[in-house]
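Quick note: numbers below take in every heavy atom, side chains included, and nothing from hydrogens, waters or symmetry partners. Quick caveat, the model's predicted, so the values are computed rather than measured. Each chain gets a letter, A, B and so on, in the order the sequences are listed, and its residues count up from 1.
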2 protein chains.
Amino acid sequence: MFSNSSKYAIKAVLYLSLHSNSTRKIMAKDIAQPINVPPAYIAKLLQELVRTDLVSSVRGPKGGFFMSKENNNQKVIDVLNVIDGEKKFTGCLLSLEACNEEKPCPLHNILSTSRQHMIKVLNEHSIADLALAVKNGKAYLPL
Amino acid sequence: MFSNSSKYAIKAVLYLSLHSNSTRKIMAKDIAQPINVPPAYIAKLLQELVRTDLVSSVRGPKGGFFMSKENNNQKVIDVLNVIDGEKKFTGCLLSLEACNEEKPCPLHNILSTSRQHMIKVLNEHSIADLALAVKNGKAYLPL
DNA sequence: GAAATAATATGATAAAAATCATATTTAGGA
DNA sequence: TCCTAAATATGATTTTTATCATATTATTTC
Ligand code: FES
Ligand code: FES
């Protein structure tokens with residue numbers, strides 16, 4: 001459903017949301033292990049997330065990655081859009097040029113409702129929301 | 001959302017459902033063009049669909065691919081499962097070993113409902129159902 | 001049964017995604 | 001200021017997916 005990269009990015013962002021803040025930064029290699037993602041790979045993904053303002057960072061000694069208030073308030077779909085691209089969600093399931101109710105593909109008719117619902121929900125929930133669920137024991141972060 | 005291969009397979013199967021039957025077979029190369037898929041590629045996909053009983057075929061002169069009654073009654077999800085594998089739908093969105101309500105990942109909590117709905121709908125609709133929608137002008141098959 | 005036709009099996013190549021590796025830049029502390 | 005630690009930029013390698021190509025096998029027709 002989601003690419004590996006997206007899964008990794010979500011896990012990383014959630015981990016940071018739970019364990020970091022502007023005074024408690026975490027190095028890439030220390031994120032990699034607890035979420036079970038290759039260190040060099042998560043490093044690269046984090047760089048992209050920093051570039052797109054989904055994660056914050058400072059370099060040098062005592063540096064690392066962390067989630068600012070603004071970062072925490074970003075929506076889950078923003079992470080997915082940055083990593084996988086928006087078309088993954090808005091594009092036609094069968095690659096019709098335009099996806100709309102006027103000229104739907106056969107899959108549109110049966111799937112667009114649940115698809116719209118997914119998008120809505122991803123748009124409504126922030127990283128912080130998901131992190132809170134984990135904190136409250138209502139969800140678990142996979143290795 | 002779906003792989004290229006899955007999209008191609010769905011399009012091919014729908015095209016066959018609309019234009020073929022046991023007495024009107026269609027050659028791979030004649031399917032490729034109308035659905036806009038590389039001929040050699042669709043040929044390979046069709047072979048896999050034949051192997052898994054989603055499409056029928058006969059070789060030699062006057063041969064080709066076609067959809068039998070049974071083929072037409074297969075569910076849409078069967079095509080997707082054959083091409084992309086079942087885990088794509090049943091697997092955890094964040095790669096938790098087990099995906100269930102007992103120990104859900106953070107995405108599970110917000111997405112499982114719409115995901116279940118998608119699976120349900122793909123399980124309920126047959127190839128013939130989708131083809132009928134196209135025949136009735138309620139859906140369009142993309143190039 | 002020979003010739004022609006079309007699927008099948010198999011494998012090669014190309015493109016994209018995932019993974020690994022490293023030199024460069026920035027920030028902190030001595 | 002100089003050394004060190006950490007992110008950043010960049011690019012190489014590997015794996016997977018998509019695409020292309022072809023020799024083999026089965027079926028029809030003559
Ligand atoms: S037209 Fe295909 S998903 Fe909307
Ligand atoms: S536990 Fe992750 S989707 Fe169900």
Side-chain angles (χ1 to χ4, degrees), chain A residues 1-13 16 20 22-33 35-68 71 80 82-85 87-88 95, chain B residues 1-13 16 20 22-33 35-68 71 80 82-85 87-88 95:
Chain A
M1 188 83 101
F2 301 130
S3 69
N4 257 357
S5 295
S6 276
K7 292 181 183 182
Y8 294 170
I10 296 273
K11 291 204 287 179
V13 155
L16 282 172
S20 81
S22 46
T23 63
R24 187 186 309 266
K25 298 155 201 132
I26 309 182
M27 289 189 286
K29 58 169 180 166
D30 293 331
I31 300 171
Q33 188 168 27
I35 66 175
N36 195 34
V37 173
Y41 196 25
I42 201 62
K44 201 168 203 174
L45 285 174
L46 283 169
Q47 293 172 206
E48 190 167 0
L49 293 171
V50 168
R51 235 181 293 122
T52 51
D53 291 317
L54 291 162
V55 167
S56 303
S57 70
V58 299
R59 31 182 164 182
K62 290 286 165 185
F65 297 91
F66 67 98
M67 298 289 278
S68 69
N71 295 149
L80 300 173
V82 161
I83 305 294
D84 280 351
K87 288 155 297 183
K88 184 139 197 177
S95 301
Chain B
M1 190 83 102
F2 301 130
S3 69
N4 256 357
S5 293
S6 276
K7 293 181 182 181
Y8 294 170
I10 296 273
K11 291 204 288 179
V13 155
L16 282 172
S20 81
S22 47
T23 63
R24 186 185 311 265
K25 296 156 203 130
I26 308 181
M27 289 189 288
K29 58 170 178 166
D30 293 331
I31 300 172
Q33 189 167 28
I35 65 175
N36 194 34
V37 173
Y41 196 27
I42 201 62
K44 199 168 205 175
L45 285 175
L46 283 169
Q47 293 172 207
E48 189 167 359
L49 293 170
V50 168
R51 235 179 294 121
T52 51
D53 291 317
L54 291 162
V55 167
S56 303
S57 70
V58 299
R59 32 183 164 182
K62 292 285 165 186
F65 297 91
F66 68 97
M67 298 289 279
S68 69
N71 295 148
L80 299 174
V82 160
I83 305 295
D84 280 351
K87 287 155 295 181
K88 184 139 194 173
S95 301

Kindly list each side-chain donor-acceptor pair under 3.5 angstrom involving residues 44-64 of chain B, sequence neighbours excluded, with atom names and distances?
residue	atom	partner	partner atom	Å
Thr52(B)	OG1	Glu48(B)	O	2.9
Thr52(B)	OG1	Leu49(B)	O	3.2
Ser56(B)	OG	Asn71(B)	OD1	2.5

Mind listing the closest non-hydrogen atom pair of [X] and [Y] along with its distance?
{"X": "Val37(B)", "Y": "Lys11(B)", "value": "CG2-CE, 4.4 Å"}
{"X": "Lys88(A)", "Y": "Met1(A)", "value": "CE-O, 3.2 Å"}
{"X": "Ile42(A)", "Y": "Ala28(A)", "value": "CG2-O, 3.9 Å"}
{"X": "Pro39(B)", "Y": "Ala32(B)", "value": "CA-CB, 3.5 Å"}

Separation of [X] atom [atom1] from [N] atom [atom2], in whole Å?
{"X": "Arg24(A)", "N": "dA6(D)", "atom1": "CZ", "atom2": "C1'", "value": "19 Å"}
{"X": "Glu48(A)", "N": "dT8(D)", "atom1": "CD", "atom2": "P", "value": "12 Å"}
{"X": "Lys29(B)", "N": "dC20(D)", "atom1": "NZ", "atom2": "P", "value": "17 Å"}
{"X": "Ile42(A)", "N": "dA7(D)", "atom1": "CD1", "atom2": "P", "value": "12 Å"}
{"X": "Leu46(A)", "N": "dA18(C)", "atom1": "CG", "atom2": "C1'", "value": "16 Å"}
{"X": "Met27(A)", "N": "dT8(D)", "atom1": "CE", "atom2": "C1'", "value": "16 Å"}
{"X": "Asp30(B)", "N": "dA7(C)", "atom1": "CG", "atom2": "C1'", "value": "13 Å"}
{"X": "Asp53(A)", "N": "dT8(D)", "atom1": "CG", "atom2": "C1'", "value": "15 Å"}

Out of curiosity, [X] [atom1] to [Y] [atom2], how far, rounded to the nearest 0.5 Å?
{"X": "Phe65(B)", "Y": "Asp30(B)", "atom1": "CZ", "atom2": "CG", "value": "11.0 Å"}
{"X": "Asp84(B)", "Y": "Asn4(B)", "atom1": "CG", "atom2": "CG", "value": "10.0 Å"}
{"X": "Leu16(B)", "Y": "Lys25(B)", "atom1": "CG", "atom2": "NZ", "value": "13.0 Å"}
{"X": "Ser5(A)", "Y": "Ile83(A)", "atom1": "OG", "atom2": "CD1", "value": "6.5 Å"}
{"X": "Ser95(A)", "Y": "Lys7(B)", "atom1": "OG", "atom2": "NZ", "value": "3.0 Å"}

message = With a 4.5 Å cut-off on side-chain heavy atoms, are Ser3(A) and Tyr8(A) touching?
response = no
Output field dot_bracket for DNA chain C (Watson-Crick or G-U, both distances under 3.5 Å, | for other-strand pairs) contains ||||||||||||||||||||||||||||||
**OP:** Check every strand shown and say whether Ile26(A) touches a base, only sugar-phosphate, or nothing at a heavy-atom separation below 4.0 Å.
**Re:** sugar-phosphate
**Message:** Under 4.0 Å, counting only non-hydrogen atoms across every strand here, what does Ala28(B) touch: a base, just sugar-phosphate, or nothing?
**Reply:** sugar-phosphate
Ring pair (Phe, Tyr, Trp, His ring centres under 6.0 Å) filter on Phe66(A), not counting sequence neighbours, yields none
Looking at Ser68(A), is its backbone amide N or carbonyl O close enough to the side chain of Ser22(A) to form a donor-acceptor pair, meaning the two atoms are under 3.5 Å apart? no
Given protein heavy atoms under 4.0 Å, the one-letter contact record of nucleotides 9-19 of chain D, with B base, S sugar-phosphate only and - none, is simply BBBB-----SB
**Asked** Using a cut-off of less than 4.0 Å, is there contact between a side-chain N or O of Ser57(B) and OP1 or OP2 of dA6(C)?
**Response** no
Within the sub-3.5 Å range, which N or O atoms of nucleotides 28-30 of chain D have a protein N or O partner, and how far apart are they?
none

Look for any protein N or O under 3.5 Å of an N or O in nucleotides 14-16 of chain C and output each such pair with its distance, or none.
none

